[in-house]
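The shown structure was predicted, so the numbers you read here are calculated from the model rather than taken from an experiment.
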Amino acid sequence: MATYQVLGAQPVYNPAIPYSAEILGGCHPGMIFTIQGTAAPKMERFIVNFATGQCEGCDVAFHFNPRFDGRDKIVCNTFKSGAWGKEERKYEMPFKKGKAFKVSFEVTKYTFQVAVDDKFCLDYKHQIDLDRVQWLQLRGDFSVTSLTVTGGSAAGGAKQGPYGY
């Protein structure tokens with residue numbers, strides 16, 4: 001990964017992709033990670049990982065992967081103990097090649113809730129304890145204008161997301 005910094009202390013603007021940052025205080029319910037960016041005109045895929053470390057082979061609690069491969073889809077998965085879990089696929093693609101977007105990941109007690117351009121997109125159930133999630137990784141065919149983290153506390157809490165979960 002090209003960049004290292006602590007994420008959460010302040011917004012990050014125009015980071016180079018690939019990008020990796022340690023999440024200040026770790027990942028907790030109530031946190032919202034918001035990425036404003038632009039999909040590349042010839043985008044094939046991009047990846048947002050919520051991971052336990054920055055190394056190759058570290059567990060990935062949530063792998064978010066929009067793919068333009070003829071059957072456009074968003075693939076979600078977990079990489080745990082050296083193996084990928086069962087893919088969850090969503091075939092309604094909210095991203096458009098060459099277009100700006102805003103994607104938000106809200107961490108709740110039970111799920112990552114994803115919204116694209118302020119519209120609910122999907123839920124992904126936690127399959128790795130949030131306590132272990134310490135890193136955000138970005139890579140692929142997109143540019144990022146800004147990356148912000150809001151909310152959350154080390155206490156965790158049982159906050160529900162905006163969609164009632």
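- Taking Ile, Leu, Val, Met, Phe, Trp and Tyr as members and joining any whose side-chain heavy atoms lie under 4.5 Å apart, directly or through other members, the hydrophobic cluster of Trp84 also contains Val60, Phe79.
- Checked against ring pair (Phe, Tyr, Trp, His ring centres under 6.0 Å), Phe50 has the following partners two or more places apart in sequence or in another chain: Phe33, Phe105, Phe112.
- Residues Ile47 and Trp135 fall into different hydrophobic clusters, defined by Ile, Leu, Val, Met, Phe, Trp and Tyr side chains chained together at heavy-atom separations under 4.5 Å.
- Considering NZ of Lys125 and OG1 of Thr111, their distance stands at 9.0 Å, rounded to 0.5 Å.
- Here salt bridge (charged side-chain N to carboxylate O under 4.0 Å, His left out) pairs that include residues 41-55, with residues two or more places apart or in two chains, number zero.
- Formation of a donor-acceptor pair under 3.5 Å by the His126 side chain with backbone atoms of Val107 is not found in this model.
- Considering only residues two or more places apart in sequence or on other chains, Phe101 meets the ring pair (Phe, Tyr, Trp, His ring centres under 6.0 Å) condition with Phe46, Phe95.
- A donor-acceptor distance shorter than 3.5 angstrom exists from the side chain of Thr78 to the backbone of Ala61, with no hydrogens or angles considered.
- Between the side chain of Thr52 and the backbone N or O of Asp59 there is at least one donor-acceptor pair closer than 3.5 Å.
- Here Gln134 contributes atom CD and Cys58 contributes atom SG; the two are 11.0 Å apart, rounded to the nearest 0.5 Å.
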**Report entry** Check against side chain to side chain contact (heavy atoms under 4.5 Å, CB included), Leu147 and Leu136
**Finding:** CA-CA 11 Å; Leu147 170 58; Leu136 182 71; 3.9 Å; yes
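- Atoms CD and CD1, on Glu88 and Ile74 in that order, are 12.0 Å from each other to the nearest 0.5 Å.
- Contact record, Leu130 with Pro29: CD1-CD, 3.8 Å, taken as the closest heavy-atom pair.
- Between Arg89 and Glu87 the shortest heavy-atom distance is NH2-OE1, 2.6 Å.
- Judged by distance alone, the side chain of Lys119 and the main-chain N or O of Asp117 form no donor-acceptor pair under 3.5 Å.
- Across all their heavy atoms, Gln137 and Gly53 have their closest contact at NE2-O, 3.1 Å.
- Between Ser20 and Gln54, the shortest heavy-atom distance links the atoms OG-CB, 3.8 Å.
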Query raised in the report: Passes side chain to side chain contact (heavy atoms under 4.5 Å, CB included), Arg139 versus Asn49? Steps please.
Result: CA-CA 9 Å; Arg139 63 180 192 262; Asn49 283 337; 3.6 Å; yes
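- Through ILVMFWY side-chain contacts below 4.5 Å, Ile128 is grouped with nothing and stands alone.
- From Met31, atom CE reaches atom OG1 of Thr150 across 8.5 Å, with rounding to the nearest 0.5 Å.
- Residues satisfying the salt bridge (charged side-chain N to carboxylate O under 4.0 Å, His left out) criterion with Lys102, sequence neighbours excluded, are Asp118.
- Leu122 and Val116 end up in the same hydrophobic cluster when Ile, Leu, Val, Met, Phe, Trp and Tyr side chains are linked at under 4.5 Å.
- Here the side chain of Tyr124 pairs no donor or acceptor atom with the backbone of Val114 at under 3.5 angstrom.
- Here the closest non-hydrogen pair linking Pro94 and Glu92 is CD-O, 3.1 Å.
- Taking NZ from Lys99 and CE from Met43, the interatomic distance works out to 13.0 Å, rounded to the nearest 0.5 Å.
- Put simply, Tyr19 and Val144 are part of the same group of oily side chains (I, L, V, M, F, W, Y) that touch within less than 4.5 Å, one to the next.
- Ser104 contributes atom OG, which lies 8.0 Å from atom CD of Gln36 (distance to the nearest 0.5 angstrom).
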